[in-house]
Each structure stands twice: as structure tokens, then as C-alpha cells.
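See structure below.
Residue numbers begin at 1 in each chain, while the letters A, B, ... track the order of the sequences.
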Protein chains: 2
Amino acid sequence: MSSKNENIKRVRRDRTKDILNAATKLFSEKGFRGTSLASIAEAVGLTEPGLLHYFPSKVRLLQGVLAFRDQQDTDKYSELTDSDKNSLQTIFNSLKNLVNKNEDNPALIRLFTILVSESIRTDHPSHEYFIDRYQMIRGTFTNYLSSLDDLDISADIDTLSSILIAVMDGLQIQWLLDPESVNMLEAFNLFSKIMIGYLEN
Amino acid sequence: MSSKNENIKRVRRDRTKDILNAATKLFSEKGFRGTSLASIAEAVGLTEPGLLHYFPSKVRLLQGVLAFRDQQDTDKYSELTDSDKNSLQTIFNSLKNLVNKNEDNPALIRLFTILVSESIRTDHPSHEYFIDRYQMIRGTFTNYLSSLDDLDISADIDTLSSILIAVMDGLQIQWLLDPESVNMLEAFNLFSKIMIGYLEN
DNA sequence: GTCTATAGTTCGATAGAC
DNA sequence: GTCTATCGAACTATAGAC
């Protein structure tokens, strides 16, 4: 029995990864609502029911995509944690690197930018996901800034975190919409300079 | 003939304003793609064909909504222009007022936030509209900042404008998603303080 | 100016064969 | 694991009566 199963072509490969990649691409271009299951199925050479064999519903597929990409994305912030020398300069250098990487990866930025806005609606399937995600990122930033003991700021560090994230998100919108007119990295560099100037006092 | 037309109930009123208001509300809650003509028609007590009598297609209705709200919205920036004394303080005070007003008007903010993200797609009916709009706003900000002759900054003022808009947009996203966790006005006040400190040098 | 009726499409999802 | 076939719902838009 067991020997029979070897080298049999009938064993078709697991298409989960292919599906997640195709869905990521399409969701990032057209959003969740704007993407049909048929278009995803076509992209991986499956029919709709064939696709639904892997993910029983469209919402489940979205959750799969978010979980899949979340790792890649949060890895980017982990660079901050790794740094032993927690200085203001290193933190902002890491953020600059992040922005720089983002400029080379429009698809992923698009995915989160479009999905975040879609999920402002309380009945959107990823509404809670993004609330949690933003709280997590704000918390991460707050931790980094709090760890700087050579810092003398009376300002609310939590509010600073919101501003930091806001600048990155806002620049991404302008850049995605009109890349010719907006230099995201240059803008973030100037913003960093201003923030460092303020925080070092 | 002409006397006959007076006081005749058959003359039904123009529902254009009602339709624009209802469409604004629904677009701001569910986006363009997420809103059906039927739901707009129902909101104003019309059938779908009745609605399409006023706006021949859904895209035309969207354009109508944008043109309609554009005036209200750009009026907000005009407060900046009106000011005779162009000081850094007055400019940021006006922006603070704007953020403050926005906090009382989630519907309008929602409309533009959701529509902007939808229109990142190059084939979205309001794609060009938002490209132009952002260029216009950046230009407006750049003009204000340039007019300050008591300013000594080497920084690119155009880039500063992008940052200013990015902060407002980014804070709006976090606030719309999770109003409990984000104090938009407080964050913008802190940002203003930082910017003024930098610009006054 | 507003209606009924409906064309024509696209969508998510299910049933059941192989 | 993937298919054919199909259902039911939602959608934009048009034709034509009143």
C-alpha cells in the first residue's frame, strides 16, 4: 500500500501558497470588495470551486492573506528591536530604511493602504484586525521611544507614535496616488530631521 | 396656458440636492463601489430609474458629489487665505481649527479618506480628480509657507507641504478606525508645536 | 419627472461527479 | 483535489408607459 503512493502523478501539489500570492496581488490592486474569486482562481489556473476548496469563503481567504503577509511586514519593524544601541539616530535610521524598502515594494504598501481604508467600516471583515494592528504598532513605537533615557521630553510619547505612523501612512497615500509628484523618502528624511531636532532639544 | 401652470402640484420639486446629500452620506460610509444606486434611491424615496433621471450614471453621480462637496471643503482652506497677517502662528492656528472642525464632521472626512484610497487605482473614476486635488492642496500650502518672509528655512517648502498633509491624512485614518484610541486634535497640536519650533529656528 | 418592467451582467457559494 | 453545473442574490442601466 505505502509503496504504491510514491511517484504517482495523481498527487497534485498544494496550491495554497500560489493562491495567497495571487490574492495578495489582486487585493492590493483592487481591494477586497473589488476583487472577485473568479479573478483569483483564474490567476492560479483554478476554477472558483477549486479555489474554494482551499479557502471555504472569500473572507477566510482575506484572513489568510493578512496572516501570511503580517509576518513579512512585522519583520520590518523587528529591525528596530534588534538594535542594541537604542539611540534616537538608530531608530530613525531604521525607519528611513523601512520607508526606503517600502518604495521598492509598492504592492505590499498598496495592500495595507487599500485594506485599511476599506476596513474603516465597522462591518468590514478586517475591521478588528486593523484596529489591533495599529494599536500594536503604536505600542511598539512607544516602547522604543520610552527606552531612550537620554531623552528629555515632556510630550506624550503615545501621541508622538501616532504622529510618526500618520506621516508614514499619509506619505504613502500621496506617493501611491502620484509617484511622480511625491518623493516619499526625501519627505520622511526631512520629517526625521525635524523630529530629532525636537526630541534632542 | 401660462396661467394654468401656476400652483399645480404636478410640478415636482428638484431632488438634486437631496440625492447629493444622500449619496454623500452613503459613499462616505461604504465607498463608491460599496454603495448601490438602489440604496441611494431608497434614501431619497425614489426608484433606481427615477434617480438615474437626475444623474445618468453612477459615475456621474460620484462626480456630482465631489463637485458638490469640494466647495464646502476648500472653503475650509480659504480661511488661511483670508488672513492678512501671515504669521506661522496664524497658519497653524487655522490648521488646528480645521482639524477641530473635522472632528465634528466625520462623514465628510470619511468620504474623502475612503474615496482617496479607492481612487489609488488608475482606473478608478475619481483617480485624476484626487491627483489634481492633492497637487492643488500642496500648492496652496506651499504658497502660504512661501509668503512668510520672517522665515529662515533651507528646507524644501514643497516637501514640508507634503508632510503637513500626510500628518492630517494619517491621523484621520487612525482616528476613523479607532476614535477611542486616537486624539486627533491633541496629536496635531503637538505636531504643530514641533513644526513651529523647527520653522522659527 | 417618475414609474414598472426587465435586460444583462457579475458575484459568492453549493451540490455532486470524477 | 478539481471539475461541471447551477443557484440566488445584487448590481447598473435601458425601454417605454403615464
TODO: Answer whether the closest heavy-atom distance between the side chains of B:Phe27 and B:Ile114 falls below 4.5 Å.
DONE: no
TODO: Would you kindly give the CG-to-C1' distance between B:Asp14 and C:dT2, to the nearest whole Å?
DONE: 13 Å
Open item on the list: From the set D:dA15, D:dA5, C:dC11, return the single nucleotide nearest to any side-chain atom of A:Ser36.
Closed with: C:dC11
Open item on the list: Whether B:His53 contacts C:dT2 is assessed here as follows: a side-chain N or O lying under 4.0 Å from the phosphate OP1 or OP2. Is that the case?
Closed with: no
TODO: Round to the nearest Å and state the distance from B:Leu52 atom CG to C:dT4 atom C1'.
DONE: 14 Å
Task: Verdict with supporting geometry, B:Gln172 and B:Met184, side chain to side chain contact (heavy atoms under 4.5 Å, CB included) - done: CA-CA 7 Å; B:Gln172 278 165 16; B:Met184 195 162 58; 3.7 Å; yes
Task: Rounded interatomic separation in angstrom, taking CG from A:Asp18 and C1' from D:dG1 - done: 14 Å
Open item on the list: From C-beta outward on A:Pro49, which listed nucleotide comes closest to its side chain: D:dT14, C:dT14, D:dT12?
Closed with: C:dT14
- [ ] Quick one: do A:Leu98 and A:Phe188 satisfy side chain to side chain contact (heavy atoms under 4.5 Å, CB included)? Show the steps, please.
- [x] CA-CA 10 Å; A:Leu98 178 54; A:Phe188 191 77; over 6 Å; no
- [ ] Please say whether more than 12 non-hydrogen atoms of neighbouring residues, nucleotides or ligands are located less than 6.0 Å from NZ in B:Lys25.
- [x] no
TODO: Specify the separation, in whole Å, of atom CZ of B:Arg15 and atom P of C:dG1.
DONE: 12 Å
TODO: Tell me whether the OP1 or OP2 atom of D:dT2 has a side-chain N or O from A:Thr47 closer than 4.0 Å.
DONE: no
TODO: Please state how far atom CZ in A:Arg33 lies from atom P in C:dT10, giving the value in whole angstrom units.
DONE: 17 Å
Task: Options C:dA13, C:dT2, D:dT2, nucleotide nearest the side-chain atoms of A:Glu48 - done: C:dA13
TODO: Measure from CG on B:Leu37 to P on D:dT14 and round the result to the nearest Å.
DONE: 11 Å
